[in-house]
Amino acid sequence: MILKACIFDLDGVIVDTAKYHFLAWKKLADQLGVKFTPASNESLKGVSRMESLGTILKSGNITLGQQEREELAAKKNDWFVEYLNNMSANEILPGVIAFLDDLDFNHVGKAIGSASKNAGLALRKIGLADRFDLIIDGTMVSRAKPDPEVFLKAATGLRLPPEQCLVFEDARAGIQAAHNGKMKCVGVGSPEILGEADLVIDSFSNINWMAVLKLLNTR
Ligand code: G6P
Ligand code: MG
């Protein structure tokens, strides 16, 4: 199958915001007296804000009403947005710009498929808002990864069948979402965590589109 477009997750793939989500959740978990580690954070990656909060509350055996949960989620988001507002282009992850340039050179489409409602703000902060043909973010979907909705919407927007789109993800839930949508997926990060992906790269440094195609086909 010929791949004609790439759909990128944002946090932890294009820009180093995954650490800010972690720090903001950690601050909230500390206030709630719930143990929260980088390992427990893995299951929150790619997952919506309210679902992430639900996971933290559950691990601390805390039951709260809807209003209180919304207040806590808003608190976490305020801290996260504060980090975003101080962010600049130097937090774009290594090799990303060159990879996007290479996709342009090869006439490969580019979209964002992110669960974050802050995706637009983050992209503006790093100056990449105009680099994608299409941005699907958390304000446009109702079902969180591993549901494939966000990636299927991106494929539809790109006017391509899902099989012609390749997803890049740093989260297990995201890899599952891609596969649930019948898309191949490149994991960006550690093979121990992202082993379900069709290919795992540690970053976009030293990789180009032709190399990705070659590696995918040789597996
Ligand atoms: C991304 C991140 C998650 C985050 C989610 C919602 O998928 O990986 O860590 O919880 O977006 O982000 P938001 O900015 O809407 O709270
Ligand atoms: Mg991510």
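In each ligand, atom 1 is the first atom listed, and ligand 1 is the first ligand listed.
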Residue-level breakdown please: for [X] versus ligand 1, do any non-hydrogen atoms fall below 4.0 Å on the side chain, on the backbone, on both, or on neither?
X	result
L10	neither
N118	both
D9	neither

Between [X] and [Y], do the side chains contain an N or O donor and an N or O acceptor separated by less than 3.5 Å?
X	Y	value
S205	S203	yes
T55	S52	no
N41	H21	no

Presence of salt bridge, [Y] and [X], under 4.0 angstrom:
X	Y	value
E91	K19	yes
D30	K35	no
K45	D11	no
R172	E196	yes

Minimum side-chain heavy-atom gap V167-V186 below 4.5 Å: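 No; the side chains remain at least 4.5 Å from each other.
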Non-hydrogen atom of G46 closer than 4.0 Å to ligand 1: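 The answer is yes, since G46 has a heavy atom less than 4.0 Å from ligand 1.
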Residue-ligand contact S52/ligand 1, heavy atom below 4.0 Å: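 For ligand 1, residue contact (heavy atoms, under 4.0 Å) with S52 is present.
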Minimum-distance N/O/S atom that D11 presents toward the Mg ion (ligand 2):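 D11's closest N, O or S atom to the Mg ion (ligand 2) is named O.
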Minimum-distance N/O/S atom that D9 presents toward the Mg ion (ligand 2):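 Restricting D9 to its N, O and S atoms, the minimum distance to the Mg ion (ligand 2) goes to OD2.
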Nitrogen or oxygen atoms of K117 and ligand 1 under 3.5 Å apart: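 Between K117 and ligand 1 (N or O atoms, distance only) the closest approach is under 3.5 Å.
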Backbone or side-chain N or O of K45 under 3.5 Å from ligand 1 N or O: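 No, K45 has no N/O under 3.5 Å of an N/O on ligand 1.
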N, O or S atom of D170 closer to the Mg ion (ligand 2) than 2.8 Å: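 Yes.
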Protein heavy-atom partner closest to atom 16 (O) of ligand 1 - residue, atom, separation in Å: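 Among all protein heavy atoms, the one nearest atom 16 (O) of ligand 1 is R49 NE, 2.7 Å.
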Which residue and heavy atom of the protein sit nearest atom 2 (C) of ligand 1, plus the separation: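 For atom 2 (C) of ligand 1, the nearest protein heavy atom comes out as D11 OD2, 3.5 Å.
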Close aromatic pair by centroid cut-off 6.0 Å: F80 and Y20: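 No - the distance between ring centres of F80 and Y20 does not fall below the 6.0 Å cut-off.
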Shortest heavy-atom approach to atom 10 (O) of ligand 1 - which of V47, D170, V13: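 Result: the heavy atom closest to atom 10 (O) of ligand 1 is in V47.
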Atoms of ligand 1 close to H21 [distance to a heavy atom under 4.0 angstrom, numbered from 1]: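 That gives atoms 2 (C), 4 (C), 9 (O), 12 (O), 14 (O) of ligand 1.
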